Protein chains: 2
Amino acid sequence: MNVQLLNKKEAIFESTLKLINEYGFHGTPMSQIAARANVATGTIYHYFSSKDELILELFKYCRERTNDHIFNVDQALSYKEKFFFIWNRLVDYYIANKEVFWFIEQFYSSPYYELIQQKKNPSYYGADRMRLFFEEGIKSGIIRDVSFYTLVSIYIGTATSHVKMVTYGFCKMQAKGREDILEIIWNGVKNQ
Amino acid sequence: MNVQLLNKKEAIFESTLKLINEYGFHGTPMSQIAARANVATGTIYHYFSSKDELILELFKYCRERTNDHIFNVDQALSYKEKFFFIWNRLVDYYIANKEVFWFIEQFYSSPYYELIQQKKNPSYYGADRMRLFFEEGIKSGIIRDVSFYTLVSIYIGTATSHVKMVTYGFCKMQAKGREDILEIIWNGVKNQ
DNA sequence: ATTTAGCAATTGAACGTTCATTCGGTTGCA
DNA sequence: TGCAACCGAATGAACGTTCAATTGCTAAAT
């Protein structure tokens, strides 16, 4: 990542992200997180009360950054254009930031995610903007009136699945595959 | 291999599956796997050379069982019917066997999966039947001629995404949501 | 039919390592 | 002067793995 790290907290985040991507939750000791971030082990505990909290905070950090990025969209575009644009932005972002993608995927598949749900902390939920975006399409009659989670399964499910294929190396990152997916899901959800 | 051996091995598999589902890869010690399977810790090492090998074998075991189940389909059905049937079977199987689903998800998102890819062991790849099924639809002109991985993103991506929503408790396991998803992706992939 | 040899299966305490966390001390800045 | 930031060796618990000992089973030998 080419970003100039402004503080130690972000250095710790970036270090954790890379190590977890490489060795998984289990295989990344605090000592190595510290080493890669050029801080002492104890320093991490100045910012985070435990390893679990570090991982929870990192998840929030990743999700906020991702959401801020993908929903930064020109409101002058037509709904169809926005539908395509946001999907492509999400895929681009994840492919350019593989560590973020794999960390989020690992997190969602792990028991950590239940911890967050138990807390019932609204700031953990990042679905608000997605919900608004789909509601906009439904209310204006452009896309079919189906439930939010149905649309998420189709829109986000295909995007993450596609990113997995590409980062696994199964298929090349080529425009054709993306266009096909987008055309297919758009044909499926549009009203007519 | 006699019956007794299979029983112990399967008991270890089932125990591992449940514990990993509950505590994650990192949070499940061999001692607990043994306890839940009613065997001694050392016994596990009679069947598996290490914890990593146990997890790799368990992954193969889960994937084989899942594939055997979902592709057990009446060939007399029309292609569209099979398309709907297999998708529903996959979703049903995962919802009825949540530990299998979450284990596979965790595995795919973890660095373990790269280990398997490095081995280049064909027995690890379970995509053959899926590929044949899509080819059947393309050759007969029923579904659009797009790449295998595009179809996987749409077909499997939406299925796993839907299972996640349901097992997270975001949406009820009701017929409506499924029908909507299937109708949308079928509208998208069918020819013209 | 009984004995016996030998190997497979099983046990769980012990071992050595790794790791998250702590803490007493140091640095740097306001 | 005071306080936050920072350090890293020390601590103790947890964990994967080993191993010497025990049991159970099978089949050949008597």
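Chain naming here is simple, since letters A, B, ... match the order of the sequence lines and numbering starts at 1 in each. Only a predicted model underlies this, so the values are computations on that prediction, with no experimental measurement involved.
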Asker: Among the nucleotides C:dT10, D:dA5, D:dT17, which one has an atom lying closest to any side-chain atom of B:H46?
Answerer: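 Ranking C:dT10, D:dA5, D:dT17 by closest atom to the B:H46 side chain puts C:dT10 first.
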Asker: Rounded to whole angstrom units, what separation is found between the CZ atom of B:F25 and the C1' atom of D:dC15?
Answerer: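 It is 17 Å, rounded to the nearest whole Å.
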Asker: Does A:K51 have a side-chain nitrogen or oxygen under 4.0 Å from the phosphate oxygens OP1 or OP2 of C:dC19?
Answerer: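 No, no such contact exists.
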Asker: Look up atom CZ in B:R89 and atom CG in B:N72, then write down how far apart they are to the nearest 0.5 Å.
Answerer: 5.5 Å
Asker: Quick one: which of D:dG8, C:dC19, C:dT21 gets closest to the side chain of A:S50?
Answerer: C:dT21
Asker: Taking NE2 from A:H26 and C1' from C:dT17, how many angstroms apart are they, rounded to a whole number?
Answerer: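 Those two atoms, NE2 and C1', are 17 Å apart.
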Asker: Which whole-number value in Å describes the distance from B:I33 CD1 to C:dG12 C1'?
Answerer: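 It is 16 Å, rounded to the nearest whole Å.
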Asker: Can you figure out which of C:dG12, C:dT21, D:dA5 approaches the side chain of A:Y47 most closely?
Answerer: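 Shortest atom-to-atom distance from the side chain points to D:dA5.
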Asker: Round to a whole Å and report the spacing from OH of A:Y45 to P of D:dC6.
Answerer: 16 Å
Asker: Using whole Å, report how far CD of B:Q32 lies from C1' of D:dT17.
Answerer: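 My rounded result for the distance is 17 Å.
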Asker: Please report the distance, rounded to the nearest Å, between CG in B:D52 and P in D:dC15.
Answerer: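 Nearest whole value for this atom pair: 16 Å.
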Asker: Is any NZ, NE, NH1 or NH2 atom of the basic residue among A:R129 and A:D68 found under 4.0 Å from an Asp or Glu carboxylate oxygen of the other?
Answerer: yes
Asker: Can you figure out which of C:dA20, D:dC7, C:dT11 approaches the side chain of A:T43 most closely?
Answerer: D:dC7
Asker: Between D:dC7, D:dG16, C:dT11, which nucleotide gets closest to the side-chain atoms of B:M30?
Answerer: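 Nucleotide nearest to B:M30's side chain: D:dG16.
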Asker: Between CG of B:N67 and CZ of B:F71, what distance do you get to the nearest 0.5 Å?
Answerer: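 Reported value, rounded in 0.5 Å steps: 5.5 Å.
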Asker: Counting only side-chain nitrogens and oxygens, does A:T41 get under 4.0 Å of the OP1 or OP2 atom of D:dG8?
Answerer: no
Asker: For C:dC19 and A:S31 - does any side-chain N or O of the residue sit under 4.0 Å from the phosphate oxygens OP1/OP2?
Answerer: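 Negative; the distance criterion is not met.
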Asker: Specify the separation, in whole Å, of atom CG of B:N7 and atom C1' of C:dT10.
Answerer: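 It is 15 Å, rounded to the nearest whole Å.
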Asker: What is the distance, to the nearest angstrom, from the NZ atom on B:K8 to the P atom on D:dG24?
Answerer: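 Going from NZ in B:K8 over to P in D:dG24 covers 11 Å.
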Asker: Select base, sugar-phosphate, or nothing to describe what B:T28 touches, counting heavy atoms under 4.0 Å on all strands.
Answerer: sugar-phosphate
Asker: Measuring from B:R36:CZ to B:N38:CG, what's the distance to the nearest 0.5 Å?
Answerer: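 Separation between the atoms: 10.5 Å.
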Asker: Say whether A:S78 and A:E81, considering side chains only, have a donor N or O and an acceptor N or O under 3.5 Å apart.
Answerer: yes
